[in-house]
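Here's the structure we're looking at; comments come further down.
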Amino acid sequence: MSVAEPADLTVADLHPALGDPALTSMNFLNEVSERYPAAVSLAAGRPYEEFFDLAAVHRHLDTFHRHLVDDLGHRPEQARRLLLQYGRTKGIVHHLIARNLAVDEGITVDPEDVVVTVGCQEAMFLVLRALRAGPADVLLAVAPTYVGLTGAARLVDLPVWPVAGGSAGVDLADLAAQVHRARAAGLRPRACYLMPDFANPSGVSIDSAHRQRLLDLATQEDLLLLEDNPYGLFHSDDGPRPPTLKALDTGRRVVYLGSFAKTVLPGARVGYVVADQRVAGPGGRVGPLADQLAMIKSMVTVNTSPIAQAVIGGRLLEHGCSLVAANTRERSAYTRNLRHLVAGLARRFPALPDQPDLPDRPAVRWTVPAGGFFVVVTVPFPVDDALLDRSGRDYGVLWTPMAHFYDDTAPVHALRLSVSAVTPEQIDVGLDRLAALITDEVTRRAG
């Protein structure tokens, strides 16, 4: 019998967040995928890989290099240094991000209010680290909540209070109630995190009327809103997209979190934060919150890879700084897959009006989002990691338990399906296998 080597440390000796489910969730889901590589994965929210082009990466880099020389007037040695040396903490494509926001979202922002980050995950971390000033501070977040946000909050010791989402995307009455409850307990609610467009994981969007009322409530309650918008371009209809909260924001209530992972290239690991809130500093100096975030970033990642930024910048330049124009093919693919998945669920689980659940035809419900990557399926039994593991092993299909997106241990009767990284043919195979799992699970529990 082998004897384990003595440990130098225990988890109890480390930061308490390291034992938190929020921090282990992503690793677990990745491990399940690696454990069953032959399974059809309807779990990953990764972008569609068919359009990845290595040659385009080099072209984007060259495009941005020419921009530095021809448009911005850098000498060749300056441009080379800008791309290959340690770089400016706030980033080198901030001016192009500001142009992109103006073109695609109608957002007017000073480039100096932008911090370019190592993915949107770092943007979240920087904002939460800045807002957590003391033990009385709490963060509100619309539930179910993206697990990356919950994990980042754990790492900076910022408690997360859930706010009801519902079909409207955010329950404004519950948001106000949570703010008042926190203040009555002597706490300080700093901000509310939410995804107004095709939220991960719910897929729900907030309509235009609710967006304005949300901003009014934030002003009334002196609350910041953290708007995360990785999926907003991928709407599935031809009508106008609702304006972002930041586009409607006239009182600097919104900190805007952006990502190029879904719209350009996830491997570049480039995101950003727009933080135009004014901060009074020593000597009466007033500057943007972005300056404070940059100071934190300088101690965390120093700067975001200039080469990675250049790839993003080149892609923007080649499309007039419009990611709407750059993602025509991707939007079409996601729309096709989303409609195919929803139709496939309807064929496999036809509605049974006024009838009880039957073992051979269990009642199953699902959301029908207007875009994005995700559909939530509600089933007549609890969904957990053990069931996911059995699904991958015995049925050859992967998905995400919705329990990962709630900050408690109550059973959750739902799972999330993603349409972003699969073909229609894979969706059909995956749904056949999922239907078999659900039917067998209902039968097993009934027996």
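When reading the values below, keep in mind they use all heavy atoms of this one structure, side chains included, and skip hydrogens, waters and symmetry mates.
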- With the side chain counted from C-beta on, respond yes when W399 and L387 share a heavy-atom pair under 4.5 Å apart, and no when they do not. yes
- Task: Could you go through the side-chain contact (heavy atoms from CB on, under 4.5 Å) check for V377 and V364 one step at a time?
- Result: CA-CA 7 Å; V377 180; V364 176; 3.3 Å; yes
- Message: Please determine whether a side-chain nitrogen of the Lys or Arg among D157 and R129 lies less than 4.0 Å from a carboxylate oxygen of the Asp or Glu.
- Response: no
- Item | D197-H235 side chain donor-acceptor pair, cut-off 3.5 Å | no
- How many angstroms lie between atom CZ of R190 and atom CG of L224, to the nearest 0.5 angstrom? 7.0 Å
- Does the distance from a Lys or Arg side-chain N to an Asp or Glu carboxylate O, for E122 and K297, drop under 4.0 Å? yes
- Query: Between D222 and R253, does at least one N-O distance fall below 4.0 Å, as a salt bridge requires?
  - Reply: yes
- Closest heavy-atom pair and its distance - L388, F28: CD2-CE2, 4.0 Å
- Would you check, one step at a time, whether the test side-chain contact (heavy atoms from CB on, under 4.5 Å) holds for L9 with L14? CA-CA 8 Å; L9 297 168; L14 305 176; 4.1 Å; yes
- Item | Of Y48, F373, F374, the residue whose pairing with F234 passes ring-ring contact (aromatic ring centres under 6.0 Å, His included) | F373
- Message: Apply side-chain contact (heavy atoms from CB on, under 4.5 Å) to residues V255 and L131 and explain how you reach the verdict.
- Response: CA-CA 12 Å; V255 176; L131 291 180; over 6 Å; no
- Query: Would a 4.5 Å heavy-atom cut-off, applied to side chains only, mark T145 and D407 as touching?
  - Reply: no
- Message: Show the nearest heavy-atom pair for residues P411 and P382, with the distance to one decimal.
- Response: CB-CB, 4.1 Å
- Message: Any salt bridge linking E318 with R59? Criterion: basic side-chain nitrogen under 4.0 Å from a carboxylate oxygen.
- Response: yes
- Which is it for R433 and V429 under the side-chain contact (heavy atoms from CB on, under 4.5 Å) test, yes or no, and what are the steps along the way? CA-CA 6 Å; R433 295 174 179 179; V429 173; 3.4 Å; yes
- Item | Closest non-hydrogen atom pair, P196 against D228 | CD-O, 3.9 Å
- Item | Between CG on residue L225 and CG on residue L248, distance to nearest 0.5 Å | 11.0 Å
- Message: Under a 3.5 Å threshold, yes or no: a donor from one side chain and an acceptor from the other, between W366 and T378?
- Response: no
- Using 4.0 Å as the upper bound for N to carboxylate O, is an ion pair formed by E441 and R444? yes
- Message: Within the structure provided, determine whether V118 and V270 are in side-chain contact (heavy-atom separation under 4.5 Å).
- Response: no
- Mind running side chain to side chain donor-acceptor pair (under 3.5 Å) on S322 and D104 for me, showing each step along the way? CA-CA 6 Å; S322 173; D104 282 345; 2.8 Å; yes
- Message: Ignoring hydrogens and geometry beyond distance, is a side-chain donor-acceptor pair present between Q220 and D216 at under 3.5 Å?
- Response: no
- Item | Check ion pair R390-D440 (N to O, under 4.0 angstrom) | no
- Are any non-hydrogen side-chain atoms of V142 and D171 less than 4.5 angstrom apart? no
- Salt-bridge contact D137-R188 (side-chain N to carboxylate O under 4.0 Å): yes
- Task: Tell me yes or no: between the side chains of Q121 and Y146, is some donor less than 3.5 Å from an acceptor?
- Result: yes
- More than 12 heavy atoms of other groups within 6.0 Å of R46 CZ: no
- Kindly determine whether Y334 and Y231 satisfy ring-ring contact (aromatic ring centres under 6.0 Å, His included), including the steps that lead there. CA-CA 11 Å; Y334 298 143; Y231 309 102; 9.2 Å; no
- Quick one: do R183 and E221 make a salt bridge, cutoff under 4.0 Å? yes
- Would you mind telling me which of V383, V375, N200, T367 makes a side chain to side chain contact (heavy atoms under 4.5 Å, CB included) with R416? N200
- Message: For S25 and H404, which I'm curious about, is there any donor-acceptor pair between the side chains at under 3.5 Å?
- Response: yes
- Are V115 and V274 side-chain neighbours, meaning at least one heavy-atom pair lies under 4.5 Å? no
- Y36 and D389 side chains, donor-acceptor separation under 3.5 Å: yes
- Query: Quick one: are P144 and S202 in side-chain contact, heavy atoms under 4.5 Å?
  - Reply: yes
- Item | Between D13 and T10, a side-chain donor and acceptor under 3.5 Å | yes
- Message: Less than 4.0 angstrom from a charged side-chain N to a carboxylate O is my criterion; do D20 and R154 meet it?
- Response: yes
- Message: Regarding N327 and H319, do their side chains bring together a donor and an acceptor under 3.5 Å, going by distance alone?
- Response: no
- Determine whether the side chains of H210 and R213 contain a donor N or O and an acceptor N or O closer than 3.5 Å. yes
- Message: Closer than 4.0 angstrom, basic N to acidic O: yes or no for R348 and D432?
- Response: yes
